[in-house]
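To start, the structure itself, in structure tokens.
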Protein chains: 2
Amino acid sequence: MFFHFRNKFPRLNAYWDKYLPFQERLEAPAKAILLEEGKKSRHYIFIEKGCVRAFFNKNGEDKTVQFFFENEGLTSFDSFVNNTPSLLTIETIEPSIIYLLPKKYVLQLVEELSSEPEFVPMILQMSAQRQLHYMNEFVSFIRDTPEQRYQRLLKDRPHIIRRVPQHYIASYLGVSKVHLSRIKSKLARGRSHF
Amino acid sequence: MFFHFRNKFPRLNAYWDKYLPFQERLEAPAKAILLEEGKKSRHYIFIEKGCVRAFFNKNGEDKTVQFFFENEGLTSFDSFVNNTPSLLTIETIEPSIIYLLPKKYVLQLVEELSSEPEFVPMILQMSAQRQLHYMNEFVSFIRDTPEQRYQRLLKDRPHIIRRVPQHYIASYLGVSKVHLSRIKSKLARGRSHF
DNA sequence: TCCCTACGATAACATATGTTATCAAGTATT
DNA sequence: AATACTTGATAACATATGTTATCGTAGGGA
């Protein structure tokens, strides 16, 4: 739980440990839905094994927004914070081992943490990180062609391409699966000598 | 200064007031550069009158990322926080009246604020807001066609279309200025009955 | 007044991308 | 073994978008 912050803010480690027992362990098959679009987010989700995607539905089509892997945690941020219906569905891609921490305990944990001097720096770093992530995704659409975005993905996050089915990646890159296939074959032709 | 938070967190108002005198007033003509790509951000920028854009250069071409108007504040977030060279240039679009608060005072202000109980909620709200902004921009590229993005802009933020030259808007939407012109004329044809 | 520049529309053509359909291979299910 | 489902490649065609060039208008200096 909150794996990313382990040892980064050593004084907070005891808090993570304290809440471990309140997690619910879940062995989920592929395509299991952890949070459904339109429902309120009630857990913090931690991935011990497997992978997961967040997507929304547009005219009957899946549009994938983000992928998550081992030792990453997630929640539909706006739904969780504002207690509003989630705009995103969260679903396993592979069979996965998931830990769910109910919202009630998350709030309790935040309450306890807020008296710690390391809390504000942690919150700032966490939100700066997420902000930068989305800003980079956004800028990439303005700056790069789909082909460049694919190459960037291949270079920076190759595990995504290795583990995730291609049509999910296509919608994440903002193109059709047919076109992504074209991009791949074009790049493959370019790498060989004829 | 920090106009957005005035009266939202009433107990903090005194802090904003205290730092007003440290701002430098600047009357800038159109196309004045407030922060240059590659240089470090040294001020918080507040717009009293006029408007401003943030952009970066890609192969000799401007790519506009965001627009700012009266009573909005901004800074190149990553450059300011991490003291790294800015990825963005910030430039006035119209003749503008700008207030600059040197980084030194911003840090001092944050230091003072951090003992206030309203500080953490304010920081959280601020960062959630920015995160949501970039996430929405990003999702819009996955979800919508350029035409739909233009219509959304027209509906949600028409002042941008009214005040900003079209080629800046084109790069912000991720299309060429020629194509944006086509989109506009197509929509105009659709609206008339001829 | 005269130029120069910024801005925006449009046309003609080239390229990128979407859509639909078909095929093949792999994997899970019965 | 037989079947269905998922994934991925490819072709053929339609549409969207980029590129380059030309034109017109408006406004700002000289």
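A note on names: the letters A, B, ... follow the listed sequences, proteins ahead of strands, and every chain is numbered from 1.
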For B:Asp62 and C:dC7, give me the distance from atom CG to atom P, rounded to whole Å.
-> 11 Å

Separation of atom CG in B:Leu187 from atom C1' in C:dA9, rounded to whole Å = 15 Å

Quick one: label B:Val178 by what it contacts on the DNA or RNA (base, sugar-phosphate, nothing), any heavy atom closer than 4.0 Å.
-> base

Comparing B:Lys184 and A:Glu147 on DNA chain C - which has the more 5′ nearest nucleotide = B:Lys184

Would you kindly confirm whether B:Tyr134 and A:Leu88 end up in one hydrophobic cluster when ILVMFWY residues are joined by side chain heavy atoms under 4.5 Å apart?
-> yes

base_contact_polar (C:dG8 base, B:Arg182 side chain, donor-acceptor, <3.5 Å) = no

Before accepting this row, confirm whether a basic side-chain N of the pair B:Lys186/B:Glu147 lies closer than 4.0 Å to the acidic partner's carboxylate O.
-> yes

May I ask you to evaluate whether B:His167 reaches the phosphate of C:dG8, defined as a side-chain N or O under 4.0 Å from OP1 or OP2?
-> yes

Identify which nucleotide among C:dA6, D:dT7, D:dG18 has an atom closest to any side-chain atom of B:Lys31, counting heavy atoms from C-beta outward.
-> C:dA6

In whole angstrom, give the distance that lies between atom CD of A:Glu91 and atom C1' of D:dT6.
-> 13 Å

Tell me: CD1 of A:Ile93 to C1' of D:dT7, nearest whole Å?
-> 14 Å

Do A:Ile33 and A:Phe67 belong to the same hydrophobic cluster, where Ile, Leu, Val, Met, Phe, Trp and Tyr are linked whenever their side-chain heavy atoms lie under 4.5 Å apart, directly or via other members?
-> no

Check every strand shown and say whether A:Ser185 touches a base, only sugar-phosphate, or nothing at a heavy-atom separation below 4.0 Å.
-> sugar-phosphate

Figure out the NZ/P separation between B:Lys186 and C:dT10, and round it to whole Å.
-> 15 Å

Distance-only criterion, 3.5 Å: show the donor-acceptor pairs between side-chain atoms of residues 107-128 of chain A and protein atoms not counting sequence neighbours.
from: A:Gln108; atom 1: NE2; to: A:Tyr19; atom 2: OH; distance (Å): 3.3
from: A:Glu112; atom 1: OE1; to: A:Lys18; atom 2: NZ; distance (Å): 3.1
from: A:Glu112; atom 1: OE2; to: A:Lys18; atom 2: NZ; distance (Å): 2.8
from: A:Glu112; atom 1: OE2; to: A:Tyr19; atom 2: OH; distance (Å): 2.7
from: A:Ser114; atom 1: OG; to: A:Glu111; atom 2: O; distance (Å): 2.8
from: A:Ser115; atom 1: OG; to: A:Glu112; atom 2: O; distance (Å): 3.2
from: A:Glu116; atom 1: OE2; to: A:Tyr15; atom 2: OH; distance (Å): 2.9
from: A:Glu118; atom 1: OE1; to: A:Arg11; atom 2: N; distance (Å): 3.4
from: A:Ser127; atom 1: OG; to: A:Ile123; atom 2: O; distance (Å): 3.1
from: A:Ser127; atom 1: OG; to: A:Leu124; atom 2: O; distance (Å): 3.3

Length of the line joining B:Gln148:CD and D:dT17:P, which is rounded to integer Å | 10 Å

Can you check whether A:Gln166 has a side-chain N or O nearer than 4.0 Å to OP1 or OP2 of D:dA9?
-> yes

Cation-pi geometry met for A:Arg163 and A:Phe69 (6.0 Å, 45°) | no

To the nearest angstrom, the CG-P distance between B:Asp144 and D:dA16 comes to 15 Å

Nearest whole angstrom, please: distance from the P of D:dT15 to the NE2 of A:His179.
-> 18 Å

